[in-house]
Structures are given as structure tokens and as C-alpha cells.
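What follows is a short report on a single structure.
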Amino acid sequence: MEKESNFAEWYIEAIDRAGIVDRRYPVKGMNVWMPYGLRLMRLINGFMRDEMARTGHEEVQFPVLVPEDQFQKEADHIKGFGANVYWVTHGGLNPLDVRLLLRPTSEAAMYSLYSLWIRAHTDLPLRLYQIAPVFRYETRQTRTFIRVRELSFFFESHTAHENFDGAEEQIREDLEIWEHLARKYALPALFNKRPDWDKFAGAHYTVGVDAYVAAPGRAMQVASIHQYRDNFARVYDVTFEDRRGERQYAHQTTYGISERVLGAEVAIHGDDRGLILPPEIAPIQVVVIPILAKGAKGRILAEARAFEGEIADKVRTELDVREMRPGAKFYEWERKGVPLRVELGLDEIEGDHVTLVRRDGTRRRKVSRADAPKRIQAMLDRIQRDLYRKAERELREGIHTIDAYGDAPPKGIIRAGWCGKESCGLAMEDKLNRGMLGTPYFGEEFRGRCLECGDATDTVAYAANSY
RNA sequence: GGGGCCGUAGGGUAGCUUGGUCAUCCUUCCAGCUUCGGGAGCUGGAGACUCCAGUUCAAAUCUGGGCGGCCCCA
């Protein structure tokens with residue numbers, strides 16, 4: 001299993017061997033979440049819920065089915081999603097008068113209710129989110145977690161504000177939320193304002209949150225944020241009475257994240273032995289493996305149980321008492337990405353210590369039995385930080401600033417001047433053989449020339465192949 | 001949208017060109033014994049030719065179609 005030489009195959013194999021999803025479900029692009037994978041996603045989603053709670057959003061749950069007439073209201077939106085929706089055309093044997101579709105995203109489902117819920121400026125801002133499945137009939141090749149037909153865990157936050165600035169403020173908060181999540185997920189990323197030709201269907205503008213997968217040298221969008229202005233409010237009639245008693249359209253934003261995050265975890269942190277999970281999202285943070293020896297089985301087991309019991313209230317643990325040789329267990333837990341392993345056998349008992357092994361390293365270290373619980377927590381914190389830093393370094397080193405096409409390396413993210421003209425941007429995409437990620441949302445100091453036309457510009461653009 | 005390729009056990013595969021004995025090997029799974037500091041061993045057992053039709057004495061193998069999957073180009 002070699003990540004560097006054959007990334008695509010490695011990725012699939014790493015997922016299969018970790019037991020996250022079963023890909024054999026007989027519908028293309030739809031996977032079955034197995035217990036370990038579900039625990040992982042619940043931890044990942046838990047941090048989104050924490051962030052939503054911290055920032056005062058509330059959770060809701062809308063139906064999966066959307067009536068066709070609701071969906072048809074926003075022209076650009078249909079253009080973007082029309083070819084990718086699953087239709088429900090019959091109720092039993094009878095054709096439906098109004099066809100229903102499985103939501104590919106929930107604007108159409110939610111905004112008809114938003115127009116009822118929002119009456120006056122006192123109802124704003126309205127900030128709701130849900131984590132629920134959405135369906136997209138993808139015609140391109142599907143890829144587990146990255147491009148699927150059923151997104152099992154689609155986080156989507158939909159906010160409504162009194163005016164454009166209110167929505168802008170929301171977007172800044174969304175990006176700050178990502179910074180928090182990024183620490184938990186160990187997924188540093190760039191915030192790129194997408195070029196107009198690549199924005200979300202119906203949006204005023206889109207910000208992509210782009211992580212970087214070093215092995216294939218490709219970007220991976222792990223979150224998207226959209227400024228709708230009043231585009232959707234006008235078609236779904238989301239209006240309110242302002243302070244002066246005048247009717248106004250609400251300004252809206254959305255924030256979307258999915259199990260792609262898990263795809264990024266696998267792709268970015270994994271190695272030839274399998275997954276490496278950041279401790280924050282690891283269903284099992286510490287696995288305790290007793291090394292049984294003839295004649296001392298009972299004693300070793302009792303000791304391992306006692307030790308696990310001591311740390312179990314502080315970290316998520318698993319005591320592996322199965323009838324397997326230790327080596328086989330090591331490999332298995334490594335495949336599953338468990339960040340820290342404790343080995344406990346006769347050696348440890350006699351020396352009054354335990355042996356700790358980090359998943360993201362190879363060194364074994366002996367730690368005194370008394371200090372071990374505290375040391376374990378410190379090591380988990382350390383692993384979390386180290387994984388973030390490693391990904392951050394890979395991202396930084398993956399960016400190549402160039403001022404001539406000839407300088408573009410075969411892999412990685414390109415950073416270059418862009419005058420902002422669409423014709424130049426498209427030409428750059430073509431000649432770089434990369435998609436435009438866009439321009440940094442918060443801007444960057446830059447003085448240079450447009451890579452295509454040579455005009456002086458103070459704007460940089462990023463381009464990369466992406467997932 | 002256009003073109004190409006492929007469906008053999010839970011996973012990975014050989015066999016297919018040139019039809020012919022009990023469909024190969026690895027892994028996995030089950031039972032027992034045994035072993036336990038990096039994928040142990042022994043014995044026994046379980047498990048597959050994508051579906052339909054055709055050609056033929058005989059089809060995993062040839063032909064056609066369905067279904068499913070993969071890749072490349074636009």
C-alpha cells in the first residue's frame with residue numbers, strides 16, 4: 001500500500017482496511033457507514049455542532065423531498081443542479097401531479113418556510129443549520145467521501161440578515177469557525193474567493209475553503225461559503241419589515257461542509273500503514289494491548305484492565321483482549337488510525353512502566369506507570385498539534401509562486417498575478433492545466449503582473465487541480 | 001456527448017487466445033490444537049464463474065442482449 005506511487009488506489013484501500021464504510025452497497029456512489037466510521041463522523045459533526053452553539057446558530061431538520069415548483073424558482077440554481085437531481089415521479093402506481101425531488105442542497109426546501117418565519121427585522125438575523133443527507137446524481141466518477149451520490153452528512157447553515165453587511169459579517173464569522181474546526185480536524189486550508197465562472201449556482205459570490213493533499217498535489221475543497229445577497233430572497237419571497245416599516249428583502253448566506261472532511265483526513269494524514277487520525281476526532285484515542293506470556297496471562301490481563309480503567313474517564317480507550325498475536329493487533333489498529341498505543345506485558349509490570357507508541361511515529365517509549373495517564377494526555381495533545389503543523393507545512397510547500405508559465409511545476413498549487421479579467425483567468429486555467437481556486441478572501445500583499453496579459457496588478461490568484 | 005476496457009468466493013487473482021477431468025493461488029471466515037514483545041504454526045472445514053438467450057455432444061471460455069463497474073477524450 002503505497003501512498004506516493006499510487007495515490008488513488010492507496011486512498012481506497014486505506015478506507016477499506018480501516019472499516020469506515022462498506023463500499024459494496026449496490027447503488028453507485030452510496031456507501032454504508034459502519035460502526036467505526038459512524039463514530040468518526042459523529043465526532044467530526046460534534047465539533048460543527050459545538051461551533052454552531054458557540055456562535056448562536058440553532059439546529060433544524062427539513063424533509064428530504066422538495067416539490068418541483070419550489071425548486072424551479074431560482075433559474076441559476078436549476079442550471080447548476082438540474083442535471084443532477086433524483087426525481088420522485090410516482091406515488092405508488094400513480095404519477096404525481098407535482099413531481100418531487102431529493103434535495104441536492106436545501107435552499108429550495110428551506111426558503112419557502114423562511115419566507116413564513118421571517119416577518120420583521122426583529123426576526124433577524126435568522127441562523128439555522130442542519131446535518132442531513134442530500135442527493136446528487138453525479139455523472140462524473142464517484143470517489144468515496146469526495147464525490148458521492150448520497151452525501152450522508154451534509155452540514156448546511158442557512159442565515160438571513162437585514163442587509164448585505166450583515167451577511168458579510170456572517171461570512172467572516174464562518175471563516176473564523178473554520179479556523180476553530182481546522183484545529184480540531186488538523187486541516188489547515190486557504191480561503192479563496194472563487195472566480196465568477198465557478199461560483200455556486202445562484203450565489204453572489206462563493207468562498208472555497210481549500211485544503212491540500214500533497215501526495216497527488218491536488219487541492220481539496222473541504223467547505224464552501226456563499227454570499228447570496230438577496231438573490232434567493234427575491235425568488236422565495238423572504239422579506240421583512242424594517243425599522244421604518246418598509247418591506248425589504250433579506251440577505252442570505254450558506255455554509256456547507258460534508259464527509260469530504262473525512263476524505264481529507266484520510267488523504268492528508270494517512271500513510272502506507274493506513275489512517276492516522278487526529279486525536280480530537282479519533283473514536284479510539286488509545287488502544288491498550290496486553291502482551292500475554294505463558295503462565296502470567298491472568299496477571300497481565302488484570303494489570304491491563306486496571307490501567308485502561310484508570311485512563312478511560314479521560315480519553316477514549318479500547319482494551320484489545322482478543323486471541324491474536326500482538327503484531328497482528330498492532331497492524332490492525334494502525335490501519336484504523338488510532339493515535340496512541342499502549343503495550344503492557346511482563347516487561348512493563350516488572351519495570352513498573354508502560355510502553356507508548358505514537359501512530360504518527362515509530363519510536364517506542366517507556367513511561368513510568370505512575371506518570372502514564374498524564375503523559376498520555378500530553379502526547380495526544382502533541383500529536384494533534386504535530387499533525388496540524390505537518391499539514392500546514394505541506395500546504396505551504398505545495399504553493400509555487402510563478403511569473404511565467406514555464407515555471408509551473410507539474411504538481412501543486414500555483415500562485416500568480418491575475419488582472420481579474422475572465423478571459424485571462426480562463427487562459428491561465430487552460431495553460432496551467434489547473435482550475436482556478438480564486439483570489440485570497442482576505443487579500444494578500446502582492447505587486448506583479450498578470451500571468452496571462454502582463455498588466456500590472458496587485459491581485460494574486462491560486463490555481464490547482466482539485467478534487 | 002464520443003470512444004475503449006472489464007464482470008470468476010467477503011477481498012485480490014489464474015484459467016478465456018485454441019470450448020473438454022474435481023476452476024488456480026493468496027487472503028478472509030469457522031472448529032480444534034497450539035502460540036503470544038511486529039501480520040505464528042498444524043489439522044479439518046466453508047465459500048465463486050454477473051444475468052438472459054443463442055451456438056455446441058459439451059460454455060467461465062465463442063456470439064448477441066440486459067444489468068453493473070472502470071478508464072480516456074470533449
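What you see below is based on every heavy atom in this structure, not just the backbone, and it leaves out hydrogens, waters and symmetry mates. Below, chain A is the first sequence line, B the second, and so on; all start at residue 1.
- In this structure B:rA53 sits in a base pair with B:rU63, meeting the Watson-Crick or G-U test at under 3.5 Å.
- Partner assigned to B:rU13 is none, using Watson-Crick or G-U wobble distances below 3.5 angstrom.
- Rounded to whole Å, the separation between the P atoms of B:rG54 and B:rU61 comes to 14 Å.
- Using N1 to N3 plus N6-O4 or O6-N4 for Watson-Crick, or N1-O2 and O6-N3 for G-U wobble, each under 3.5 Å, B:rA48 pairs with nothing.
- Rounded to whole Å, the P atom of B:rC62 lies 14 Å from the corresponding atom of B:rC5.
- Of the C1' atoms belonging to B:rU28 and B:rA48, the separation is 14 Å, rounded to the nearest Å.
- Looking at heavy-atom distances under 4.0 Å, A:R364 makes contact with a base.
- Legend: residues meeting side-chain contact (heavy atoms from CB on, under 4.5 Å) with A:T457, ordered by chain and number and at least two apart, are A:F446, A:T459.
- Residues that satisfy the side chain to side chain donor-acceptor pair (under 3.5 Å) test with A:R218, not counting sequence neighbours, are absent from this structure.
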Seminar exercise, completed: Readout for nucleotides 69-74 of chain B: B = base within 4.0 Å of protein heavy atom, S = sugar-phosphate only, - = neither; 5' to 3' it is SSS---
Measure all distances between protein nitrogen or oxygen atoms and nitrogen or oxygen atoms of nucleotides 6-8 of chain B, and list the pairs falling under 3.5 Å.
none

Any protein N or O atoms within reach of nucleotides 11-13 of chain B? Criterion: under 3.5 Å, listing atom names and distances.
none

Identify all side-chain donor-acceptor contacts of residues 301-315 of chain A below 3.5 Å with residues at least two apart in sequence or on another chain.
unit_1, atom_1, unit_2, atom_2, d
A:E303, OE2, A:R369, NH1, 2.3
A:E308, OE2, A:T317, OG1, 2.8
A:E310, OE2, A:R369, NH2, 2.5

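- The same atom, P, is picked in B:rG64 and in B:rC6; the two are 13 Å apart, to the nearest Å.
- Residue pairs satisfying the side chain to side chain donor-acceptor pair (under 3.5 Å) criterion with at least one member in residues 412-421 of chain A, sequence neighbours excluded, are listed as follows: A:T401-A:R415, A:R415-A:E444, A:R415-A:Y462.
- Inspection of the A:E156 and A:T254 side chains reveals no N or O donor paired with an N or O acceptor under 3.5 Å.
- Screening residues 76-101 of chain A for side chain to side chain donor-acceptor pair (under 3.5 Å) gives A:E68-A:R99 as the qualifying pairs, with residues at least two apart or on separate chains.
- With sequence neighbours excluded, no residue forms a ring-ring contact (aromatic ring centres under 6.0 Å, His included) with A:H353.
- Around OH of A:Y137, the count of heavy atoms belonging to other residues, nucleotides or ligands within 6.0 Å does not exceed 12.
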Check the interface with nucleotides 40-45 of chain B: list each N/O to N/O pair with the protein under 3.5 Å, or write none.
unit_1, atom_1, unit_2, atom_2, d
B:rA40, N9, A:R325, NH1, 3.2

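- Once rounded to the nearest 0.5 Å, the distance linking CD of A:E332 with CE of A:M324 reads 5.0 Å.
- A:D16 comes within 4.0 angstrom of no nucleic acid atom, judged by non-hydrogen atoms across all strands.
- A ring-ring contact (aromatic ring centres under 6.0 Å, His included) with A:Y129 holds for exactly one of A:F154, A:F155, A:Y255; it is A:F155.
- Contact check, A:K297 against B:rC36: no side-chain N or O comes under 4.0 Å of OP1 or OP2.
- The separation of B:rG32 from B:rC71, taken at their P atoms, amounts to 44 Å, rounded to a whole angstrom.
- Separating the P atom of B:rG12 from that of B:rG66 is a span of 26 Å, rounded to the nearest Å.
- Checking B:rG38, B:rG37, B:rC36 against the side-chain heavy atoms of A:L292 singles out B:rC36 as nearest.
- Remark: A:D22 pairs with A:R24, A:V32, A:M34 by the side-chain contact (heavy atoms from CB on, under 4.5 Å) rule, at least two apart or across chains.
- Under the 3.5 Å distance criterion, with hydrogens and angles disregarded, no donor-acceptor pair is assigned to the side chains of A:Y111 and A:E74.
- In this structure, the ring of A:F145 has its center less than 6.0 angstrom from the ring center of A:W33.
- In this entry B:rC42 has B:rG32 as its Watson-Crick or G-U wobble partner, both defining distances falling under 3.5 Å.
- Under the salt bridge (Lys or Arg N to Asp or Glu O under 4.0 Å) criterion, A:R234 pairs with A:D230, not counting sequence neighbours.
- Using a 4.0 Å heavy-atom cutoff across all strands shown, A:R341 reaches at least one base atom of the nucleic acid.
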